[in-house]
Amino acid sequence: MKVAIVASEIYPFAKTGGLADMTGALTKEIANKGIRTFAFMPLYKSVDKEKFGIKSIDKYIKVYLNNREYIFEIYKYTDHATYFFFKNDELFGRDFLYSTPEGDYPDNDIRFGAFNLAVLEFVKSENISIDIFHIHDWQTSLLAVYLKEKYPDVKSKTILTIHNLAYQGIFDKFTIERLNLGWHLFHMEALEFWDKVNFLKGGIVFSDIITTVSPTYAKEILTPEYGYGLDGVLRKYSYKLFGIINGIDYDVWNPETDEYIYHKYCWRTFEQYKPLNKKEFLKEYNLKDENKPLFIFIGRFAKQKGVDLIIENIENLASRNINLAILGSGDKGYNDFFSSIISKYPNIYIEVGYDEPLSRKMYASADFLLMPSLFEPCGLNQMIAMRYGTLVVAHKTGGLADTIIDISEPNGYGILFENLSDFINAVDRAILLYNDKERMKKLIKEVMQLDFSLEKTASSYIRLYQNLIYG
Ligand code: ADP
């Protein structure tokens with residue numbers, strides 16, 4: 001069986017969020033399980049070709065759209081899987097992947113349309129008979145559409161994984177012409193969406209199977225509240241929709257081998273070393289008193305992540321006997337707000353930016369991770385945090401509800417709140433828990449031994465691939 005993971009970001013080559021973590025780990029795990037695996041992504045300016053040894057194979061793919069030709073130079077990297085990178089600097093040699101802080105690149109339809117078409121052209125020209133194209137989010141949804149429309153003889157199947165329904169890739173209707181899709185696709189049962197074109201909808205309609213990243217989110221997206229206008233289409237296709245919980249790469253996220261943290265540790269040694277991480281972190285970032293619980297927030301500054309709850313409660317948080325470290329970046333309004341209060345509170349450290357080494361130190365040093373997301377398709381931060389022995393305070397939604405059990409229940413190991421208005425109560429429950437040292441130790445030991453590895457996720461996907469091909 002030959003599987004192609006086609007994605008707009010794959011860790012460690014390019015990452016803006018959980019999508020890259022997942023596609024990177026999935027590529028690696030399914031290859032390790034003996035599946036012939038290919039991965040395809042654009043070659044962005046930020047991809048470090050030298051570091052990874054990514055080399056041109058001196059092959060060029062031409063695609064025609066937008067009334068002109070686009071040429072991609074193909075680059076390659078091989079480990080257990082074979083990765084192909086598609087280079088076109090006009091489209092992808094930019095400072096960001098999808099958008100600047102001011103907004104989306106206006107030609108994202110051309111950028112990702114051209115990339116999807118180039119992948120299909122390349123596979124055809126190389127005679128690689130792919131059994132399954134596993135595509136991810138709106139950026140690669142059009143691959144399923146092009147495959148059915150332009151390559152009717154190719155028998156490959158497609159699986160679309162929706163990582164976040166809030167991002168759909170919506171463009172004006174004339175993108176139908178720019179992308180040579182044909183006006184016959186511009187109707188309610190295909191790509192049309194309120195007189196515009198919706199890439200993700202195309203993926204939903206044209207893929208053989210749709211998955212999303214947790215069982216709870218798979219149910220939530222069938223409702224108007226979470227469906228972002230696509231709940232009707234998803235209900236229609238719910239027979240081919242599955243919820244498969246994501247996982248994290250246990251080699252990438254491992255406090256026993258993490259080179260960025262102050263002191264390495266595992267579930268056997270955390271009692272000795274996790275407090276030392278905390279001590280050094282507080283010192284480095286100018287926070288005082290290691291006896292106070294350290295809370296952290298790491299994530300995109302987007303409404304989805306519950307950033308407003310943190311802002312509304314910032315005085316409440318500052319007045320509590322805690323330390324708080326916040327790392328994130330995203331929407332300009334949030335960036336500006338957090339930048340404006342950087343040195344306002346002695347017990348709150350704020351960094352506006354994207355910084356993986358700092359995030360690792362935070363996971364290793366903290367007592368609690370805050371995840372007040374309004375909705376959360378899966379969420380990886382909570383899994384990473386628990387792997388590093390940091391307990392989670394989270395809104396009970398989507399993947400957070402699937403990966404955390406509240407301490408009020410038997411076998412519980414985290415703090416969940418159902419109503420957003422209970423956020424600060426949940427923080428207070430965490431402070432109470434923190435004062436029960438024995439219970440804290442027991443819970444930390446427990447969460448560090450839970451299995452959130454992507455290996456399990458990969459096995460579920462392989463079963464899905466097999467069912468699709470062999471029935
Ligand atoms: P998303 O919705 O952003 O994909 P996930 O929880 O699925 O959220 O994944 C977030 C990933 O991005 C995690 O690996 C997290 O550590 C990382 N991350 C998010 N924001 C930052 C940041 N500002 N700096 C470093 N890493 C970040």
Side-chain angles (χ1 to χ4, degrees), residues 7-26 46 96-99 101 136-139 161-167 212-214 216-217 221 226 228 244-255 258 260-261 285 296-307 310 325-331 334-335 338-339 349-366 369-388 390 392-395 397-404 452-454 457:
S8 56
E9 50 183 280
I10 300 178
Y11 187 89
F13 309 109
K15 166 171 165 179
T16 66
L19 169 62
D21 285 312
M22 190 273 192
T23 53
L26 183 69
S46 60
F96 297 91
L97 268 55
Y98 318 119
S99 52
H136 298 264
D137 281 351
W138 69 265
Q139 294 92 333
T161 296
I162 300 172
H163 294 255
N164 193 335
L165 196 61
Y167 302 94
T212 188
V213 288
S214 70
T216 296
Y217 194 60
I221 57 177
Y226 290 90
Y228 278 87
I244 297 179
I245 192 82
N246 265 351
I248 53 170
D249 186 328
Y250 265 37
D251 297 326
V252 171
W253 301 105
N254 182 358
D258 194 323
Y260 292 105
I261 67 178
Y285 294 96
I296 57 169
F297 173 91
I298 299 171
R300 284 184 293 118
F301 285 159
K303 198 172 168 55
Q304 177 208 338
K305 297 290 173 185
V307 180
I310 297 194
I326 296 174
L327 165 63
S329 67
D331 299 351
Y334 293 131
N335 290 354
F338 283 109
S339 300
Y349 174 80
I350 295 169
E351 179 122 352
V352 179
Y354 185 91
D355 187 340
E356 186 179 321
L358 172 58
S359 77
R360 289 172 177 275
K361 287 181 188 174
M362 289 167 70
Y363 286 124
S365 308
L369 171 84
L370 295 177
M371 245 182 128
S373 308
L374 307 191
F375 68 93
E376 193 56 82
C378 176
L380 299 180
N381 292 22
Q382 81 277 19
M383 301 185 197
I384 302 171
M386 288 190 271
R387 175 105 165 111
Y388 283 67
T390 296
V392 182
V393 180
H395 181 212
T397 182
L400 296 169
D402 289 333
T403 50
I404 300 166
F452 293 116
S453 69
L454 195 116
T457 313

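We count ligands from 1, going down the list as the structure has it; atoms in each ligand are counted the same way. These figures come from a predicted structure and were not determined experimentally.
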*Does atom NZ of Lys303 have more than 12 heavy-atom neighbours from other groups under 6.0 Å away?*
no
*Sequence neighbours left out, what passes side-chain hydrogen bond (donor to acceptor under 3.5 Å, both in side chains) with Thr212? Give chain and number order.*
none
*Distance only, no hydrogens: is a donor on one side chain within 3.5 Å (strictly under) of an acceptor on the other, for Glu351 and Tyr349?*
yes
_Checking the side chain of Asn381 only, and the main-chain atoms of Ile298 only, is there a donor and an acceptor separated by less than 3.5 Å?_
yes
*Report yes or no: do Tyr11 and Glu356 form a side-chain donor-acceptor pair below 3.5 Å?*
yes
Below 3.5 Å only, please: the N or O atoms of ligand 1 paired with protein N or O atoms, distance on each line.
from: ligand 1; atom 1: 2 (O); to: Arg300; atom 2: NH2; distance (Å): 2.9
from: ligand 1; atom 1: 2 (O); to: Lys305; atom 2: NZ; distance (Å): 2.9
from: ligand 1; atom 1: 3 (O); to: Arg300; atom 2: NE; distance (Å): 2.8
from: ligand 1; atom 1: 4 (O); to: Gly18; atom 2: N; distance (Å): 2.6
from: ligand 1; atom 1: 6 (O); to: Leu380; atom 2: N; distance (Å): 2.8
from: ligand 1; atom 1: 6 (O); to: Asn381; atom 2: N; distance (Å): 3.4
from: ligand 1; atom 1: 6 (O); to: Asn381; atom 2: OD1; distance (Å): 3.1
from: ligand 1; atom 1: 8 (O); to: Lys305; atom 2: NZ; distance (Å): 3.1
from: ligand 1; atom 1: 9 (O); to: Gly18; atom 2: N; distance (Å): 3.2
from: ligand 1; atom 1: 14 (O); to: Lys15; atom 2: NZ; distance (Å): 2.9
from: ligand 1; atom 1: 14 (O); to: Asp21; atom 2: OD2; distance (Å): 2.8
from: ligand 1; atom 1: 16 (O); to: Tyr363; atom 2: OH; distance (Å): 2.8
from: ligand 1; atom 1: 23 (N); to: Gly353; atom 2: O; distance (Å): 2.9
from: ligand 1; atom 1: 24 (N); to: Asp355; atom 2: N; distance (Å): 3.0

*Are any side-chain N or O atoms of Thr390 and backbone N or O atoms of Leu369, one a donor and one an acceptor, separated by less than 3.5 Å?*
no
